[in-house]
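Please read the structure below before turning to the comments.
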Amino acid sequence: MLRLVLQGFIYIFFIIPGIVNAQIYENKTRSSSYKVLPYNQEKKQIDQAYKDLGTSKNQEAYAISHKILKKTRFEKIKMQAYINLGVYFNDKSVSDSALYYGKNALQLIDKRSGPVWLKGKSFAYNIIAISYGDRGLYEESKKWHLFGLEIAQNFEDKKPYYNKLYNLATMDVKLGNYDNAIKHLHKCLEYKKDAKFISTVYNSFALIYYERDDYISALSYLKKSLEFFENKEDSKVKTVVIQNIGAISHFIKEYDEAIKYYNKAYYIAKSKGYHRITIDVMINLGLVYQDKKMYDKAEEAYKETLPIAEKLGYLDKQVTLYNNLEESSKSQNKYKEAYLFFEKKVNIKDSIRELQKDKEINELEVKFNTLQKEKEIEFLTIENKNRNLELVNQKEAIRNLKLQQEIEEKENENKVLAFQNTAEKALNENTLLKKNEELRKAELRIQEAETNRQKGFKNIILYSFLILMIPVIGLLITYYQKHKTQSELNKKKDEINEQKISSLLKDQELMVIKASIKGQDQERKRIAQELHDSIGGNLAAIKLQLNNTENNDLTTINTQIDDTYEQVRSLSHNLIPKKFTENNFCDVLEEYFNNIGKASSLHTSFIVYPRAEIDYLKEDLKVETFKIIQELVTNVIKHSKASSIELQLNLVENDLSILFEDNGIGFKVEEKTDGIGYRNIKNRLQKISGTIHIDSRIKRGTIIDITAPI
């Protein structure tokens with residue numbers, strides 16, 4: 001029971017963000033028709049909708065996100081709408097819908113880079129992970145949480161990283177990987193900015209240790225969680241934490257401690273009106289007194305609680321109380337009282353059964369009456385329809401009679417008028433013939449005048465058009481010449497910029513070569529001096545002693561030979577590049593990438609996971625990996641014309657995965673894999689048993705995937 005209470009506490013206190021089933025509520029929440037808005041206004045609306053998720057405006061947030069998704073023409077707004085809807089469905093455990101929107105967001109983001117897209121990818125991974133977790137696919141959920149965690153560790157705001165780490169820990173708890181979960185939760189404790197978050201982490205610790213039967217540790221973490229509520233208003237969550245501390249103390253037989261915490265929980269529950277918690281606490285308090293054989297106090301606690309349970313109608317609690325009173329009386333050999341309590345317990349159980357029967361009978365009666373009324377209503381509805389049809393038919397018949405009478409009257413009037421019209425028609429025809437002749441002559445005169453007017457108007461338009469065309473043609477010629485001049489200037493500027501970049505790259509290469517030569521010279525001098533002073537001296541001493549065979553001391557010679565061997569071994573170890581022995585490998589790579597970005601216009605991105613394990617790779621693998629990455633960067637600078645490059649290092653099972661990507665002009669793989677740089681990379685890969693796969697398209701950039709066993 002305690003485990004369920006703890007899980008409920010964690011779920012209520014931290015995990016719920018606020019999201020619902022759209023298929024049920026979509027039609028209910030549609031408000032006014034959505035109009036296409038400028039980017040800034042759409043951005044403001046979609047961001048506000050995200051903030052409203054999980055609040056009283058949760059349904060409105062869904063409606064706005066859904067409308068914007070249908071109408072928007074901006075891809076970043078569309079991505080945020082997908083994320084809002086995914087979060088919305090996650091909260092209601094509608095995993096299919098949440099998974100649909102999460103994967104749509106991921107598909108939209110694809111290989112786009114930049115802070116906004118990376119943040120969106122992190123959210124999409126989280127939505128997918130929670131969806132699989134709701135479906136019970138914990139391993140799959142854990143995989144997607146790891147993807148999100150890898151991206152979140154690069155954000156400036158660390159809260160998303162620790163939230164994802166906490167979610168990963170909850171998956172490990174569900175899978176029974178308690179050691180992993182504890183490791184992740186300890187890492188979560190580094191985030192000190194949110195006391196509520198830390199309190200939730202402590203409760204997770206308590207749940208894990210309770211499951212592992214380590215009640216002392218569970219109790220310790222519950223007390224740490226309670227510290228979060230010290231200066232805060234009493235609440236139901238605080239009461240539950242205090243009650244749980246009392247329950248574990250009772251379980252490990254620390255009865256006085258249990259009584260202390262049960263009393264605290266009792267006073268809060270009673271003052272705040274948490275009736276059911278009050279009853280539970282008093283029952284537990286009575287059980288503690290019963291275990292301490294303080295039967296008077298136990299019965300006092302039970303009898304104080306009975307009126308509350310009776311007043312509120314909590315029949316199950318009344319059964320528990322009478323059962324505890326019966327057991328207490330038996331322990332004191334008060335069998336008469338025990339029998340009375342037993343009878344009351346049985347009576348209440350009988351009442352519960354009777355109430356359940358009455359409830360079933362009432363439900364059946366209500367269903368029967370409802371069915372009868374529905375049939376009566378259906379019969380009356382049909383009868384009303386028939387009456388209405390009869391009335392309509394009667395009205396239609398009356399209207400038809402009236403129409404027939406009106407038609408007969410009109411026919412009589414038309415006969416009289418026909419005779420009158422015949423005479424008038426003859427007169428009118430003669431008059432019309434005369435008027436038509438006059439009109440025809442007038443029309444001819446008007447047509448001639450109109451023709452002359454149109455000819456004059458057309459001539460005016462033609463001359464005006466020719467006059468206007470002359471300056472327009474002049475302006476077009478001037479614009480064309482100016483545009484041509486500007487294009488030539490832009491081309492020259494581009495050429496100058498390319499020359500400057502080339503010059504800078506050459507200068508940088510010269511500086512690197514000079515520094516390398518200088519370092520090599522210094523190293524040669526150091527090796528020569530070491531060979532001359534230490535190893536040479538030792539060998540000379542050994543030679544002299546071997547020549548003097550009479551006083552030859554083999555122990556001394558063996559000692560000098562061992563010393564010389566150690567010096568040679570030390571010298572060979574010193575030849576390993578210092579930057580890998582004195583610094584972390586990932587730090588060296590990251591510094592190298594940052595320097596490339598500062599020295600050029602390239603935007604660089606470096607992602608590595610797990611960083612600590614990659615730092616501890618073998619020296620030869622780290623050296624060859626660094627040289628391969630240098631060769632890839634050099635190829636990008638020389639040939640690709642890219643504006644950004646991205647490097648990802650991952651440990652996948654027992655392989656080191658290197659993913660190198662640029663957004664340059666690309667190339668045909670079958671034509672460009674025979675150069676010196678590519679051959680150098682292949683030679684280095686042979687040393688470490690690595691493989692390479694190149695995916696490149698013209699004008700679509702290049703992706704290089706390298707795998708090497710660790």
Side-chain angles (χ1 to χ4, degrees), residues 1-10 12-13 195-196 198-309 312 314 317 320-325 327-329 331-332:
M1 181 177 178
L2 178 62
R3 178 166 60 85
L4 293 174
V5 173
L6 283 168
Q7 287 178 331
F9 171 79
I10 292 166
I12 293 166
F13 193 48
K196 183 178 178 182
I198 297 296
S199 172
T200 307
V201 172
Y202 285 146
N203 275 282
S204 296
F205 272 121
L207 176 61
I208 291 169
Y209 285 115
Y210 182 82
E211 290 287 350
R212 299 176 79 170
D213 298 331
D214 185 352
Y215 304 114
I216 302 300
S217 298
L219 193 61
S220 170
Y221 280 108
L222 278 173
K223 288 181 178 179
K224 286 182 179 180
S225 176
L226 187 60
E227 291 174 6
F228 170 73
F229 298 97
E230 274 186 4
N231 299 319
K232 292 180 173 58
E233 185 182 353
D234 291 335
S235 64
K236 187 175 284 188
V237 175
K238 179 179 179 180
T239 313
V240 170
V241 172
I242 295 169
Q243 185 184 3
N244 287 340
I245 294 172
I248 293 181
S249 300
H250 184 187
F251 191 80
I252 61 176
K253 298 183 179 180
E254 292 184 0
Y255 298 127
D256 293 337
E257 192 77 0
I259 290 168
K260 182 177 80 172
Y261 282 100
Y262 280 146
N263 281 328
K264 283 184 181 179
Y266 169 75
Y267 290 126
I268 296 172
K270 190 170 184 181
S271 63
K272 290 290 184 179
Y274 305 144
H275 301 301
R276 199 163 185 91
I277 295 176
T278 304
I279 293 169
D280 287 336
V281 170
M282 290 300 287
I283 290 170
N284 289 339
L285 193 60
L287 288 171
V288 176
Y289 286 131
Q290 211 166 306
D291 288 343
K292 290 187 74 177
K293 303 190 185 305
M294 299 170 67
Y295 300 112
D296 292 340
K297 285 196 172 184
E299 290 177 5
E300 184 182 340
Y302 296 144
K303 289 176 180 178
E304 183 183 339
T305 312
L306 263 173
I308 303 171
L312 297 171
Y314 293 162
K317 297 300 177 185
T320 302
L321 286 163
Y322 281 124
N323 185 68
N324 290 355
L325 284 165
E327 293 300 322
S328 177
S329 297
S331 300
Q332 299 174 72

Query raised in the report: Is Ser249 reaching over with its side chain to a backbone N or O of Ile245, donor-acceptor style, under 3.5 angstrom?
Result: yes
Query - Verdict with reasoning, Leu325 to Leu306, per side-chain contact (heavy atoms from CB on, under 4.5 Å) - result: CA-CA 11 Å; Leu325 284 165; Leu306 263 173; 3.9 Å; yes
Report summary line: So salt bridge (charged side-chain N to carboxylate O under 4.0 Å, His left out) across residues 215-226, not counting sequence neighbours, yields Lys223-Glu257
Query - side chain to side chain donor-acceptor pair (under 3.5 Å) against Lys292, all qualifying residues, sequence neighbours excluded - result: Asp256
Please output the side-chain donor-acceptor pairs of residues 267-274 that fall under 3.5 Å, not counting sequence neighbours, one pair per line with the distance.
residue: Lys270; atom: NZ; partner: Tyr266; partner atom: OH; Å: 3.1
residue: Ser271; atom: OG; partner: Tyr267; partner atom: O; Å: 3.0
residue: Ser271; atom: OG; partner: Ile268; partner atom: O; Å: 2.9
residue: Lys272; atom: NZ; partner: Glu233; partner atom: OE2; Å: 3.3
residue: Tyr274; atom: OH; partner: Lys236; partner atom: N; Å: 3.4

**Report entry** By side-chain contact (heavy atoms from CB on, under 4.5 Å) - contacts of Ile208 (at least two apart)
**Finding:** Val173, Tyr178, Ala181, Ile182, Leu185, Arg212
Report summary line: For Ala206 and Leu222, the nearest pair of non-hydrogen atoms, with its separation, is CB-CG, 3.8 Å
Query raised in the report: Roughly how far, to the nearest 0.5 Å, is the CD atom of Gln290 from the CD atom of Glu327?
Result: 7.5 Å
Query - Short side-chain donor-acceptor distance under 3.5 Å, Glu254 and Tyr215 - result: no
Query raised in the report: What distance separates Ile279 CD1 from Tyr302 OH, expressed to the nearest 0.5 Å?
Result: 14.0 Å
Query raised in the report: Can you tell if the side chain of Tyr289 reaches within under 4.5 Å of the side chain of Glu300, non-hydrogen atoms only?
Result: no
Report task. Only counting residues at least two apart or in another chain, list the ones meeting side chain to side chain donor-acceptor pair (under 3.5 Å) with Ser328. Result -> Glu299, Gln332
Query raised in the report: What distance separates Ile277 CD1 from Asn284 CG, expressed to the nearest 0.5 Å?
Result: 11.5 Å
Report task. Quick one: closest heavy-atom pair of Ala258 and Gly246, and the distance? Result -> CB-O, 3.4 Å
Query raised in the report: By ring-ring contact (aromatic ring centres under 6.0 Å, His included), which residues pair with Phe205, not counting sequence neighbours?
Result: His186, Tyr221
Report summary line: To the nearest 0.5 Å, atom CD1 of Ile283 lies from atom OG1 of Thr305 at 6.5 Å
Query raised in the report: From Gln243 CD over to Thr278 OG1, what is the distance, rounded to the nearest 0.5 angstrom?
Result: 9.5 Å
Query raised in the report: In Å, rounded to the nearest 0.5 Å, how long is the span from CE of Met294 to CD1 of Ile259?
Result: 6.0 Å
Query raised in the report: Are Leu219 and Tyr209 side-chain neighbours, meaning at least one heavy-atom pair lies under 4.5 Å?
Result: no
